[in-house]
Amino acid sequence: MSLDISEITPYNFAVVEPKWQKFWIDNHSFKTQNRQNKKYYVLEMFMYPSGKVHIGHVRNYTIGDIVARYKRACGFDVLHPVGWDAFGLPAENAALKQKSHPKDWTYKNIETMKKQIRALGFSYDWEREFATCDEEYYGFQQKIFLALYKKGLVYRKKSEVNWDPVDNCVLANEQVIDGRGWRSGALVEKKMLSQWFFRITDYADELLNELDNLKGWPENVKTMQRNWIGKSEGCSINFSCDNGDQITVFSTRPETLYGATFLAISPDHPLAKKIAVSNKAVRDFISELKKGSVSQQMLDKQEKQGIDTGLTVKHPFLDKRLPVYIANFVLMDYGTGAIFATPAHDERDYDFAVKYNLPIISVIKSENSEVPYFGDGILFNSEFLDGLSVVEARKRVIEEIDKRDLGKKEIFFKLRDWGVSRQRYWGCPIPMVYCPKCGTVPLKEEDLPLRLPDDVNFSGTGNPLDQHPHWKHIKCPICGGDATRETDTLDTFVDSSWYFLRFCVGKESKDLLDKSNVNQWMTVDQYIGGVEHAILHLLYARFFTKALADCSLVNVREPFTNLFTQGMVCSVTFKNEQGEWLFPSEVRKNEKGEFIEIATGKKVIVGRLEKMSKSKKNVVDPDVIVKTYGADALRLFVVSDTPADRDFPWSDEGLDGSWRFINRVWRLFVYLKDKGICALATRDIELSSLSEEMQNLYKGFHKTIKDVTVSFESQSMNKAIAYIRESINCIYAVLDKAEDNVSLFSVVVRDLIKLLAPIAPHICEEAWSMFGFSNLVSENEWPKFCEKYIVVSTINLPIQINGKLRGTIDVAPNAPEDEVIQKALEVNNVKKVIGDKPIRKKIFIKGKIINFVV
RNA sequence: GCCCGUGUGGCGGAAUGGUAGACGCUACAGACUUAAAAUCUGUUGUCCUUUCGGGCGUGGGGGUUCGAGUCCCUCCACGGGCACCA
């Protein structure tokens, strides 16, 4: 009796998926192997245990899992670990709000999210799992801190910090966005505090230069890092002031020195402060600027403000004096906090000069003498620089400044040292002690780990560690006298700056950076995560790797060979007339096809696709999807249709389509099983014994293997899926021949399962076992394709006349020119178009095209 | 303002300088069904044409080429990053 394909029971993911998930875990199927030199380390940016997995995580980890499973099939020993970035503010916020301990909150969240992650069937080595708040991990991090301290890469200084008044916490520059705290959104204030710093600026040049060698990184990420490091080359110049002081300025355009008409110093410049003491107008001006908060200044940044100090400086080359202004557009934390201004060739200087009626002197010839002019040109008005080009003049003037001892060639970076102190409880304690006699003293290594006390009180203000009754009191490690601990904890970006190294070492080793292990696996062959970490995390991780190398703790200087930044999952948004966000379930289409709010019947505003977020009410819950459609359908969907590095437009219809595809595959498997397919899967195919149609199926399938392989190699999952779908369509078209071609279909379906397994592992594992294979599909080699089958016997060759398509002919791919021309000229439409016009030229590309020019 | 990136059907997107629109979503039609759902099979850029076929089409304009979505110039739009960085 024949099996009707439409009557096959749907794929029961609810039974199949948990079965294989349990099997993989119980059997340690993805335990890191250490058999050979062919190794591959694939890592997805680890997760913050916020409480629930969201769809963005699903996409990120699906991409990584596909890579891991594919590489394993290609014969690599694969390291594919999972862990938790578990320290940080939200745990403390939750502690305040829900009266739960940050530790309990965090570990509970990890448990919840682990279940969710496991339900997606990712091929992790769960034995290497850890959380950064594990004592073992942060204890070792303290050792690293001390190693960096000994190496001179850690120091403490009093400095103005960004103070977040809501989170009561210091923020790094990178955590301030438009003058607001990156997490709380509160306006940031300035405050002076003693802080610990890492000397990332020591590595500014290397961090910049090495970017050129990171061929496997996206160009935009490298550009962002370059801009952030912000190297500029120029020179410093000293000006003597008439009050006896010297003012040192930095300029990248010293060749414009003869066009200088005034000096401008920052309101925070020491000289400005000195003048303020005796000059009330200056004092008032500075305090007026201070009054506006950081962000107010940002808002006013277009408006140049300044005040004449009354002081003048001597021009280094000319017998003239330049007035010194205090100007709001000069920043103290860049360069020297002072500039010479050449209004003719700098926009900001120009704006300022116009506002305060200062002279404008051109020194570079431009075509129409317009000012300000920033282009190239020939110098004039500039004595010994006259007639030189901008580049020549720059070189010449720096030589001269150097010769006369007025200044020197200098390089400045925008990059600042990394402040790592946080006035927070839920982080890695800094292993330092303050002794009234011995000063700042590091803890002894044998006293590590320095544990966080569990019995803390969250009042909501200040640092609970500092307020703990006895934790901070300690005997000095040197003199044994009364001393106090550092109560700040480390920025959580420190935790994520070396976790990828820890994954290289098995749990049995006490040395978390065990060199033989780390060297075996580093670098990370493929790192995958969101572009939002392009600067902070990735720059810090690069710095840390270099610093650890200089402490002889690791052997590599760059952590990530290839970086892939996946796009965000986006969805439509709805708003009602009041501007309130609406859930998709609160909206429906009316008869006219307009979207209306169900509750009110009023029209809603349909927004553009935006990143899924709770606040915009356009989220989907991965748990619900997995329950309704299964993990395979979800995995398939999030990498279908759209390239993985672009934003992904979520649609319920699309998800439904993925589910239909999973079922279509399932019906194919069940149908073929019923026809006795696959029992003979290992038998070789004798091509000549097959009909032409079946030969084409086989050849076409080799093309599929090639296309899918190439697509996986370039992380083009969307294309891989398209080719697999195409192939399945081809198989469906000849399904009625399956019974008569058992060995052919057996080989095809065997390899088809392998091709699909990285994306939809559960259904493939189930099919693999259903067809009677005794091992796991993931233990099998990736299918191989033969070029000789991919070369087809005839191709459909296009015929062009004057570059326009006028017909096609079927010929052998290697058909010679004579044959092709003869056949092409026999095509009716070609005859018609050419008519009696003479053929002036024939362009023939073998196997590609014939083009007649008439 | 500066620096990146992207513009292809109703939608997501394919396409080593060589038949634009693979694959999917949507929509429509047929088969199956009492019917619906599901499934299977078609059609689906646009205009003209009964057919054969033809015109126009990859943001706009120009160029290189036998031939351009692809290369060059220029303009426009959108997205992202940095933003008084001397």
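Just so it is clear, the model here is predicted, and its values are computed rather than measured. Labels below follow one simple rule: chain letters A, B, ... track the order of the sequence lines, proteins then strands, and each chain is numbered from 1.
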Between the base of [N] and the side chain of [X], is there any donor-acceptor pair under 3.5 Å?
{"X": "A:N851", "N": "B:rC66", "answer": "yes"}
{"X": "A:K304", "N": "B:rC84", "answer": "yes"}
{"X": "A:K804", "N": "B:rU19", "answer": "no"}

Thinking salt bridges, do [X] and [Y] make one under a 4.0 Å N-O criterion?
{"X": "A:E739", "Y": "A:K737", "value": "no"}
{"X": "A:R660", "Y": "A:D656", "value": "yes"}
{"X": "A:R226", "Y": "A:D212", "value": "yes"}
{"X": "A:D205", "Y": "A:K231", "value": "yes"}

Using a cut-off of strictly less than 4.0 Å, decide whether [X] has a side-chain nitrogen or oxygen near OP1 or OP2 of [N].
{"X": "A:K719", "N": "B:rA15", "value": "yes"}
{"X": "A:R667", "N": "B:rA38", "value": "no"}
{"X": "A:S232", "N": "B:rA86", "value": "yes"}
{"X": "A:R660", "N": "B:rG24", "value": "no"}

Check: A:I200 and A:L207 side chains under 4.5 Å, non-hydrogen atoms: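 Side chain of A:L207 against side chain of A:I200, heavy atoms only: contact under 4.5 Å found.
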Give each protein N/O atom lying under 3.5 Å from an N/O atom of nucleotides 10-13 of chain B, with the pair distance.
from	atom 1	to	atom 2	distance (Å)
B:rG12	O2'	A:T642	OG1	2.5
B:rG12	N2	A:D641	OD1	3.2

Can you tell me, in whole Å, how much space there is between the C1' of B:rG12 and that of B:rA22?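 Going atom to atom, C1' in each nucleotide, I get 13 Å.
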Please tell me which of A:Q800 and A:F413 maps to the more 5' nucleotide of RNA chain B, matching each residue to the nucleotide holding its nearest heavy atom.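 With A:Q800 and A:F413 compared, the 5'-side residue is A:Q800.
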Between A:P798 and A:T336, name the one whose nearest nucleotide on RNA chain B is closer to the 5' end.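 Nearest nucleotide further toward 5': that of A:P798.
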Taking the six-membered ring for Trp and the full ring for Phe, Tyr or His, determine whether the centres of A:H315 and A:Y258 are under 6.0 Å apart.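 Ring centroids of A:H315 and A:Y258 are less than 6.0 Å from each other.
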